[in-house]
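Note sheet for the following structure.
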Amino acid sequence: MKIIECHTDSDLGEAGAREVLSALRRRRNPVLGLATGSSPVPIYRALAGREDFSGVRGFALDEYVGLGSNDPQSYLSVIHREIVGPLGMDPSLVLVPDGLTLDASAEADRYETAIRDAGGVDVQILGLGSNGHLAFNEPPSSFTSGTREVALSDSTRHDNARFFPHFDDVPTHAITQGLATIMSARVLVLVASGVRKAGAVARALQGPATEDFPASILQEHPHVTVILANGAGHLLKNAQDSSQPAAGGVLVPGGRRPPRRFE
Ligand code: GLP
């Protein structure tokens, strides 16, 4: 596992973009795993305009049950607004679980199959829930879980209430990629920013690997890069001062090259 500690969200974005591009450039038909939440936004900002993403397939991690394209807080809307548009991805190549489905179980199976049929995810961007969730795999979640409908915990609904007018507007259920689905991605890039994530980061990376803290499964993946900013790493044991890049964590200055195609 490589841990990169950054000063700022903009440094986090640069480091994340570098990891994503290096994983995608190795692939003939690249597949990018997309995460919502605030933490990955700097990565998308750093990626925009840097490559030609029009041939890159995308899969979202999750979607709220009951929200669709006409709701600005559906992950479908967020992904189109914050990622597909700015990166110039082809909307027809980007899939999000259908939050308006009448049969969540069939939709989850369809989604799992679509990921497999695309050849799997080459690089999956991940945020971290303050309760240790990955995507919407709430504690406890089976390490062998696939895409499915889940109930959201009150703590997650409170965390995400900032995006909705009232707490009661936060959906109670979601369709999420499972932990086994996420672990099947070839490369994982986990991002966390801010001291409020420090406890979850330490437990995920250095606590016991347990289904009671879903993000701890990352310890079992062979190719994970963790990118931390703004004190998110300050509870890690033996971590370097966050004012210094951690081992292997050299940051790329913001130099931009003209867009190029993945080959
Ligand atoms: C949501 C998403 C998760 C994300 C989490 C953290 O719950 N479903 O995939 O990791 O938010 O978001 P943030 O980065 O805004 O703290």
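Both ligands and their constituent atoms are indexed starting at 1 by order of listing.
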Counting only heavy atoms closer than 4.0 Å, does ligand 1 sit against the backbone of [X], its side chain, both, or neither?
{"X": "R162", "value": "side chain"}
{"X": "R157", "value": "neither"}
{"X": "Y64", "value": "neither"}

[Y] versus [X], side-chain donor and acceptor atoms under 3.5 Å:
{"X": "Y64", "Y": "N160", "result": "yes"}
{"X": "R18", "Y": "T225", "result": "no"}
{"X": "N131", "Y": "H133", "result": "yes"}

Looking only at protein heavy atoms, which one is nearest to [atom], and how far off is it?
{"atom": "atom 8 (N) of ligand 1", "value": "D62 OD2, 2.9 Å"}
{"atom": "atom 2 (C) of ligand 1", "value": "Y75 OH, 3.6 Å"}
{"atom": "atom 16 (O) of ligand 1", "value": "K197 NZ, 2.6 Å"}
{"atom": "atom 14 (O) of ligand 1", "value": "S39 OG, 2.4 Å"}
{"atom": "atom 12 (O) of ligand 1", "value": "G37 CA, 3.7 Å"}
{"atom": "atom 5 (C) of ligand 1", "value": "H133 NE2, 3.6 Å"}

Could you check whether any side-chain heavy atom of [X] comes within less than 4.5 Å of a side-chain heavy atom of [Y], counting everything from C-beta outward?
{"X": "F53", "Y": "P86", "value": "no"}
{"X": "V123", "Y": "R186", "value": "no"}
{"X": "Q73", "Y": "D169", "value": "no"}

(message) I'd like to know if R50 and E14 make a salt bridge, using a cut-off of under 4.0 Å between side-chain N and carboxylate O.
(response) yes
(request) Using side chain to side chain contact (heavy atoms under 4.5 Å, CB included) as the criterion, point out the one residue from V94, T181, L95 that pairs with F59. (result) L95
(request) Tell me which one of A174, A135, G127, A60 gets a heavy atom nearest to atom 3 (C) of ligand 1. (result)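 It is A135 that holds the nearest heavy atom.
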(request) Counting heavy atoms only, name the option from L128, L61, L134 that's nearest to atom 6 (C) of ligand 1. (result)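 Answer by nearest heavy atom: L128.
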(request) Evaluate side chain to side chain contact (heavy atoms under 4.5 Å, CB included) for N29 paired with R57, printing each intermediate quantity in order. (result) CA-CA 8 Å; N29 296 302; R57 300 185 68 97; 5.9 Å; no
(request) Could you tell me whether T156 and ligand 1 have an N or O pair separated by under 3.5 Å? (result)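 No: no nitrogen or oxygen of T156 is under 3.5 Å from one in ligand 1.
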(message) Can you confirm, on distance only, whether ligand 1 has an N/O atom lying under 3.5 Å from any N/O atom belonging to T36?
(response) no
(message) Nearest 0.5 angstrom please: T144 OG1 to E211 CD, how far?
(response) 6.5 Å
(message) Would Q177 count as a contact residue for ligand 1, given that I'm defining contact as a non-hydrogen atom of the residue lying under 4.0 Å from a ligand atom?
(response)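 For ligand 1, residue contact (heavy atoms, under 4.0 Å) with Q177 is absent.
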(request) Check ligand 1 against R196 and write out every atom of the ligand that is under 4.0 Å from a heavy-atom position of the residue. (result) 16 (O)
